[in-house]
Each structure stands twice: as structure tokens, then as C-alpha cells.
Amino acid sequence: MDITYNAHLGLYIGQPQAVDQSGGASQEIYATADLTTQKWFRLGDTGAHKNASWYRWFLDGGNKTGSGIVGRSFRSYCSFGCSAGPVAST
């Protein structure tokens, strides 16, 4: 799972790799308050945008090159099995 800290939410957010390799499922996004307990809950998904992508990471407009911390607006990218453009944006 790709994980980053969302400073706006005060939570760690993550997106699992290749939830459904058929390409027929939305990319899901999860959150947890504490990485030591790993108590993840589902925040949502990318809706109608479906693919079977791998090697995912988060970036935001303020940081642009580091994926360790994002803010209120961020994007999710992937490197393999991706369609054109970012997968998710909040």
C-alpha cells in the first residue's frame, strides 16, 4: 500500500496496489490515525474512474516532488497499468 500523511486531515492515507486486476474496479483510498495499530478505514474511491494500476504515489501542488506529506488537495499517480491523467484528486 502506498501511504502518505495528509496534514489537512491529520491522518495517514493509503491506497492499496492492484485491488482488482480486471480493470473494472475503482481505486480505493483508506486512512488511519496511527501506523502502529494499522486500523484502516475506507475514505472513498475514484468513482467512475476504473483501472488496474500498480506503483502508486501521492503528490500535492505545494510539495510537488515529495510524497511523504500532502495537504487538502492532492493527486494520486501510478506507473504501470494506468490510464491517461491522474487517478484521483480531492
Side-chain angles (χ1 to χ4, degrees):
M1 179 169 346
D2 173 55
I3 301 169
T4 191
Y5 182 75
N6 185 298
H8 177 73
L9 297 175
L11 298 169
Y12 294 93
I13 58 173
Q15 52 188 344
Q17 308 291 337
V19 175
D20 178 351
Q21 281 299 289
S22 73
S26 300
Q27 181 65 39
E28 297 177 345
I29 299 174
Y30 294 87
T32 186
D34 186 351
L35 290 177
T36 61
T37 61
Q38 299 285 317
K39 294 181 181 177
W40 295 94
F41 57 92
R42 190 172 181 271
L43 282 179
D45 61 42
T46 56
H49 184 88
K50 298 175 176 20
N51 65 26
S53 60
W54 279 73
Y55 306 112
R56 314 189 59 74
W57 70 95
F58 294 104
L59 288 177
D60 73 1
N63 197 350
K64 296 183 182 167
T65 58
S67 60
I69 299 174
V70 296
R72 180 178 174 173
S73 295
F74 62 89
R75 290 182 181 219
S76 171
Y77 293 92
C78 66
S79 295
F80 178 75
C82 313
S83 60
V87 174
S89 179
T90 62

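Quantities reported herein were computed from a predicted structural model and do not represent experimental measurements.
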With no hydrogens and no angle check, is any side-chain donor or acceptor of N6 less than 3.5 Å from a backbone partner on G71? yes

Using side-chain heavy atoms (C-beta onward) and a distance below 4.5 Å, is D60 in contact with T4? no

Can you tell if the side chain of I13 reaches within under 4.5 Å of the side chain of F74, non-hydrogen atoms only? yes

Rounded to the nearest 0.5 Å, how far apart are OG of S73 and CG of L59? 13.0 Å

How far does CG of L11 sit from CG of D34, to the nearest 0.5 angstrom? 11.0 Å

Could you tell me whether the side chain of D45 reaches within less than 4.5 Å of the side chain of Y30, counting heavy atoms only? no

Flag for Q15-S76: side-chain donor and acceptor within less than 3.5 Å: yes

Within a strict 4.5 Å, meaning less than it, do heavy atoms of the M1 and W40 side chains meet? yes

Expected output: side-chain E28 to main-chain L43 donor-acceptor under 3.5 Å: no

How far does CD of Q38 sit from CD1 of I3, to the nearest 0.5 angstrom? 6.0 Å

